[in-house]
J.: 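Here it is, the structure in full.
FYI, side chains are in, hydrogens and waters are out, and symmetry mates aren't considered; it's all heavy atoms of this structure. Below, chains carry the letters A, B, ... as their sequence lines are ordered, and counting in each starts from 1.
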Amino acid sequence: MSPKTIKFLQYASIAWIWIFVLSVDVWIISLLIVARRLHDAINASVGIGIIAIPLFLLIATALTYVFFGLQKHREVDETRGGNP
Amino acid sequence: MNGNEIAAKDDALFRSIEYTGKNFYYAVGIFVTVIAFAAFLYLGQIISGLGVTGMAQPVSWGFYIVNFVFFIGISHAGTLISAILRLSKAEWRRPITRMAEVITAIVLAIGGLHPILDLGQPGRIWHLATSGRLQSPLLWDVTSITAYFAASTVYLFLPLIPDIAILRDRGTKPRWLYQFLSWGWQGTPKQHKVLNRTINILMIGVIPIAVSVHTVISYIFAMTVQPGWHSTIFGPYFVVGAIFSGIAALLIVMIVFRKVYHLENYLKEIHFSYLSILLLIMSLLWFYFTFCEYLTTHYGNEPDEMRVFFYKFSGDFAPYFWAMILCNFIIPVAILSNKKTRKIKGILFASFTVLIGMWLERLIIVVPSLANPRLGYPTGIYIPSITEWALFAGGIAVFMLGFLLFAKFFPLISVWEIQEGRASSIKEVAHRLRSYLPDELEEDEIKKALH
Amino acid sequence: MELTRRDFLKLLGVTSAATAAGALGASTIYSVPDHIFNRLVTGPRIETWKASVCTMCPGGCGVKVRLIDSIPVRVVGNPLYPVNKGAVCPMAEAGVEELFHPERIKTPLKRAGNRGENKWEKISWEEALKVLASRLETLTAKKAGGQFVLVTRDDHTTELDFVKSFMELIGSRNLIVENQLEFGVLPVFLSQGLWDAPAFDLANADYILNFGANVLDDGPSPIHYNQLYAHHRSRSPGHRPRIVHVDSFMSRTAAKSSEWVPINPGTMAAFALGLAHVIIRDGTYNKQFIEKHAFGFSRWKDEDGTWHDGFKSVALGKYYPEKVEEMTGVSAQKVVQLARDFAASKTAIAMSGGQAAKSTNGVYTQWAVYCLNALKGNLEQPGGVLFPKMMVAQEREGNDLAGLAGGAKESWFDNPLHARALSDLVSALKSKSPFEVDTLVFHRSNPVFDSPYKKELSTLLSRAPFIVSTSSFFNDTTVYADLILPEPVWMEKWDLSRRVPGLEFLHLGVQQPMMEPLYDTRQFGDVLIQVAESAGLEATVPRVNAYKDYIAGYARDIYLSGEGAIISKSAEVSWIEFLKKRGWQPYEYSTFEEFWKLLLDKGGWWDPFYPDPDPRRIFKTVSGKFEFFSQTLATAGEAIEKNLTGAGDERFLPHFDEPRFDLPDKRFPYNFMVYQIISNQMGRGAHLRLLQEMGGLISREYWRSWIEVNPTTAAFLDIAEGDAVKVTSAHGYVIAKAKLIPAMKPDLILMPFGMGQVFSNGKSGKPGANPLEIFAADMDHISKIPSWISTKVRLDKVDSNDVS
Amino acid sequence: MPRWGMVIDLNTCTGCGECAAACKIENNVAIVGPEESDMGRTMLWMDMLTEYEGEYPNVKVRYIPRPCLHCDEPPCTRVCPVRATYLNDEGIVAQIFPQCIGCRYCMAACPYTVKSFNWYRPEWPDTMESALNPDVSARPAGIVEKCTFCIHRLQIAKEEAAVENRDLREGDYIPACAESCPTKAISFGDLDDPDTEVSRLRRTARAFRLLEELGTEPKVYYLYEVE
């Protein structure tokens, strides 16, 4: 597989993680709306939302940070580390 | 430095990846068969309904929920222990953390799917997405398990990156996989810094998540008003039990794979000794919680609570209850508190009894409260069916297979962390020790002493 | 926890997959013919209601059936109907299920294999009737109509009248009506010479002494009595009558009474006489009534100048409270207290049933209880014993509307002492005495299941010449039949429900078909008409072509009499009275056709007026009085007299005869009794899934029999709730789960009746166990009512695998 | 808005079981076979609690019909993850059958054990489904069901009232159990309207509720038996 494809896949996986995390957050937010509509115990729902939403964002951020951090701090010579 | 050179010393750690024996295929074959059988019976359950289980009224929850709690409990082995060990900078953690993290990721996936097995209408699971209600403890579970799963997978993956890079550099096949997963790791100091920083953040973050997971699982029960469930200590009680069973599972896995992959050099008696002392502590702690739980019930003497209490102590569930006490407390304490028996075999035995005991504990929490409803209904009966047993076996098989496959593709012991240990831990420990001690000691002296 | 082998297998999951779709569980519930199905699918879904009468039990409840596109979907009570005032019991609820029951017999069947093999061959009605008619023809030709024997039950419909006419026509007196002497008929006959069940005015009584009549669960009309009891209990304590229930176990009736008095089985006569003793000793009996209307209270001298004992001397003789305590197990103090309460109440009633009737001393027991009413002098008094009028049509001599009767002046069927009983059939089959059997017809009757002679009968029936059953379902008796002429179920039948015993008013309910019969079934009445025709009995000019015409004729008589009224919304007696006085009716009808239409529409007719008290009407004895000393009995003849117990005059007076128990043996220390459950009375609901489930509503043993044991006894025998136990008598054993019930005498073992019967052609199992399997076949020799309390048993814990 | 409630007079209830039978027929509740019953899978929306008090010979038997108690603070609705059960505006704890995912959490949470589960598909052959009570849908396998206070009857009563252009009157809407009770032991009506029979009865000294101490505020009241 060409390095380009791999690069693409890596970016895609990062994107996928964000999609996952964002959809979880959207889901939680939508549940908050549902809870409001149904007059459910709103404090429980908000409590969970407050913790869970940033948490998922944090996870995605951490991954993204690592990914871009690794990309950024590579030594210039691609061949030395990679393919012998 | 070349990857090959780096890893040359630790070739044993790559053996399982680069060499595939017959036994591997046998094992995979067996596990796949078990899983296929379970899947077949599950298909039957989907087609004809939950009637194929042994559940009924009033015992409307059975093995699936028991195993759900049990598996999720085991998943605490990993990330939590590894995070705590990392955080406390315990040097002996280096060969252990990876396995612990793998257990977590796999078992969590299995455990997390158990409630779906339990659903009467699994096809309607999307109702959770469209109209789930956050006020239901089940949703708390869904949220926290998802978070824990995401976090622990990341937490498994990040420390894996340097090892993947080593595999990439060794040219292990499939190359594209390692190229893809190594994220361009080259082991530069700056990359190390980025990685370590993130691991440290996650390490701190994952502990509360892990604690929350088992706490909210206990809330499924504790939030109801049912006798035997409605208890404030359920949260910590479940967490302690989870860590307890998690350590036991970790120990078993370590002992088994040490044997299978000849890792005696890396996993030494001392690792087992340390972990088993942790197990011993958890055993005592578990007993303390159990004692608290039942003493308050007994002293309170509330009739409905007492019905459940006596059902466990002297009724139909007494054999299971006392077996649990035996397995979770008496045997582990007897074995592990004695230096003579605190050997690999003894530890393995104790770990097995703890796993059985903890499974019994989950059974004893779920079933008796349901079997003894209020208002004088007759006591319920619950006899699990073949489907439930098969799915239980299937769950275990999925775990084994998952672990085996992981070992097929990735090193079970963090190679770079071992190397890092070799390179810098003595110095670091010496430095740390010096800072503990009242006298100003020379670093060299300590180093000498350490050797 | 004890694991049995079965539990262990289950634990391994071996059996669970197999039991998941077990034989009975997964069977079809409804079987619907195509044309009905098509109507259901394509119909416009129009809702209509039709009135009818439920005959699942003899209670005679008026019902309304909800029809969608003329297909029944639900049965509810007819709110206008006076018997049940808008309510029904679970048995009626199961009507739709019975109608569409997949195991119904759909055509006439002829036996194909050997008897008992349950192999059948379909035949046409023409063939079937021909077989029966030719037998009948042969019999009548040789003047041996008596060899045509019919066994049936009285469901209190006019069909029984019709059947009687038929039997008279063919010259057979061998009509066995299994339940005809129940409901306290005999004491009334002995003391008053009247064959009629007494109606107790419970609604107006202040004090009710109930000797074993489980009226809330068992006949004559459970819903009516549930409502009566509830009506009393709805009043605040102090303003409600006191109901004292005497029985060996706490039936639902006892539970809903003010007090339950546990008594040794079979000793109620002693108890009743003990009460009489106290009342007579205290002098608190109704002296006016005794003087004016009673015979044989004190010693009396007959025409020959011989002195005879009276009730007084019998009661005072040996039934003093301490002695009664010894005999009955009820404390002397209680005897005195109850007697004084009874005497002191303004209106008081003593009624009996259940074990009081079904014991070896049943006649004297019921009679002793009944005599308490005479001491109270409450006959024809409000809150006392009433004797409602006869139906107009019943009164008409010969009842020639039936035509078939041919105007026989004297009926064979008017003396209860000479009524045929099942025991006669047993001895007839055994020894051709008192009659010979050629053709045996079982109609509404299933004695191989529900009589204590079941074992004897099953051997005897396999040898009987020719057996016909009219059952709509396979049952224990059809197994021995040669011919099955299936009847439609009650929702497809024409009938008239009339005068349920024990009710203080006259009533008539029309049972009309909700739909055309689903299958090739015919009503028994029609079968009889057709058989008579093809047997060449038309010489007697049958005036009816169908049973429906017969009941229309019956109704016409009512119409012509001008009495009573079609039931209406404002069914208050006073309102109808008000209208009547002015010559009006709640409804307008000027022709019979209009009356008939209205009758079908509303579902019933009633006549709530009680005639003015008239001793001549209710005392048909030689003395014209209430006879404590029964001259009817004294002159009944040798055959009856030889069965009487007691010595000398005591024989003709109510007295306590020690109950006979089967094998008074140390090996069988416990008394064994059974009781009925409202949702499966006489086991007549066992084929219906709803009722199988409802049978366990209180015990939580659905689809099962169970064995009730007092916790004290259970502790002694080391039996815990839910253990499998085996009840063994000298005649066999049954196994079921034990239930520990404190509400019963400790030396008693109790079982519900109605389970363990066949109701399909061998395809599905029979849930539960039949306690009659282990019954001692004893009876009261006077009434020939089988004793249900004579069995002695032992109890053992067994392996749970054998529970049925 | 009415708040529907029920009062069951234990004095007049004779334990005949007609309420339970009527309920099963009215609501098309499945009848499981003997094997299933043995496993404890009998489905009774209206059950009967039987209690024996005391020892021979001083025994008292109590028959307590038990529908869903329709709590004002229902523990079951709170835990439902998908709102398949909820407290509606008129106080009825309703079940939305197509919404239920069959997790049975509500069964575990109900302190009165009123819920039943369809372990298998109820055995109504297709052919007869239309001859069941057409007002109540048959349930598939794998969902929880329970007494709904015959809510379909409320719909019908409301429609009828709307056609006649009037408000609901007392007695327009009565569940099958109350309607069929032979002894009229079950009263049903609006608890918020002080003039209804149920309001009057529940204010009497005899009124009590099951497990009142749990704070579930059931809307089914019982009247103590008095001798």
J.: Is a side-chain N or O of C:R74 found less than 3.5 angstrom from the main chain of D:E26, in a donor-acceptor match?
T.: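 Flag not set: sc C:R74 to bb D:E26 has no pair under 3.5 Å.
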
J.: Got a donor-acceptor contact below 3.5 angstrom from the C:R700 side chain to the D:M48 backbone?
T.: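 Side chain of C:R700 to backbone of D:M48, a donor-acceptor pair under 3.5 Å: yes, one is there.
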
J.: So which part of D:T50 gets closer than 4.5 Å to some heavy atom of chain C, the side chain, the backbone, both or neither?
T.: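 When you check distances to chain C, only side chain atoms of D:T50 fall under 4.5 Å.
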
J.: Step through the shown structure and confirm whether more than 12 heavy atoms of other residues, nucleotides or ligands are within 6.0 Å of OH on D:Y224.
T.: no

J.: Between D:D9 and C:R233, is there a side-chain N and carboxylate O pair less than 4.0 Å apart?
T.: no

J.: What part of D:N11 is in contact with chain C, defined as an atom under 4.5 angstrom from a non-hydrogen atom: side chain, backbone, both or neither?
T.: both

J.: Using modelled atom types and a 3.5 Å cut-off, is there a donor and acceptor pairing between side-chain atoms of C:K85 and backbone atoms of D:T183?
T.: no

J.: Counting only heavy atoms closer than 4.5 Å, note whether C:S679 contacts chain D via side chain, backbone, both or neither.
T.: neither

J.: How close do D:Y56 and C:M744 get, counting heavy atoms only, and between which atoms?
T.: CD1-O, 3.1 Å

J.: Take C:R704 and D:D38, measure what side chain to side chain contact (heavy atoms under 4.5 Å, CB included) needs, and give me the verdict at the end.
T.: CA-CA 9 Å; C:R704 287 281 175 265; D:D38 272 2; 2.6 Å; yes

J.: Can you see which heavy atom on C:N226 is nearest to which on D:C16, and at what distance?
T.: OD1-CB, 4.0 Å

J.: Tell me whether D:E55 at atom CD has more than 12 heavy atoms from other residues, nucleotides or ligands lying less than 6.0 Å away.
T.: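 Counting neighbours around CD of D:E55, 12 or fewer heavy atoms of other residues, nucleotides or ligands fall under 6.0 Å, so no.
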
J.: OG1/D:T14 to CD/C:Q227 distance, rounded to the nearest 0.5 angstrom?
T.: 9.5 Å

J.: Of the non-hydrogen atoms in D:V59 and C:P742, which two are nearest, and what is the gap between them?
T.: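 Heavy-atom minimum between the residues: CG2-O, 3.6 Å.
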
J.: Quick check on the interface: out of C:I698, C:I677, C:T253, who has the most heavy-atom pairs with chain D under 4.5 Å?
T.: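 Highest number of pairs under 4.5 Å: C:I698.
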
J.: Quick one: of C:P222, C:P262, C:A92, who has the most non-hydrogen atom pairs under 4.5 Å with chain D?
T.: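 The candidate making the most pairs under 4.5 Å is C:P262.
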
J.: Would you say C:W703's side chain and D:V32's backbone share a donor-acceptor pair under 3.5 angstrom?
T.: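 It does hold such a pair.
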
J.: Is D:E225 close to chain C through its backbone or its side chain, or both, or neither, when contacts mean heavy atoms under 4.5 Å?
T.: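 Side chain only.
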
J.: Please report the shortest heavy-atom distance between D:G17 and C:L697, naming the atom on each side.
T.: CA-CD2, 3.4 Å

J.: Is it the side chain or the backbone of D:L44 that comes within 4.5 Å of chain C heavy atoms, both, or neither?
T.: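 The side chain, not the backbone.
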
J.: Could you tell me which of C:M694, C:E693, C:R66 has the largest number of non-hydrogen atom pairs under 4.5 Å with chain D?
T.: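 Winner by heavy-atom pair count: C:E693.
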
J.: With respect to chain C, which residue among D:S37, D:C181, D:P57, D:G40 yields the maximal number of heavy-atom pairs within a distance under 4.5 Å?
T.: D:S37

J.: Identify which part of C:V75 has an atom lying under 4.5 Å from any heavy atom of chain D, answering side chain, backbone, both or neither.
T.: neither

J.: Measure across C:E93 and D:A22 and return the closest heavy-atom pair with its distance rounded to 0.1 Å.
T.: OE2-CB, 3.3 Å

J.: Looking only at non-hydrogen atoms, find the nearest pair between D:P182 and C:A87 and report the distance.
T.: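 So the minimum-distance heavy-atom pair works out to CA-CB, 3.2 Å.
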
J.: Find out whether C:M250 and D:Y52 are in side-chain contact, i.e. whether some heavy atom of one side chain is under 4.5 Å from a heavy atom of the other.
T.: no

J.: Do D:E18 and C:I678 have side chains that approach each other closer than 4.5 Å (heavy atoms only, starting at C-beta)?
T.: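 Not in contact.
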
J.: Under 4.5 Å heavy-atom distance to chain C, tell me which part of D:L10 shows up: side chain, backbone, both or neither.
T.: backbone

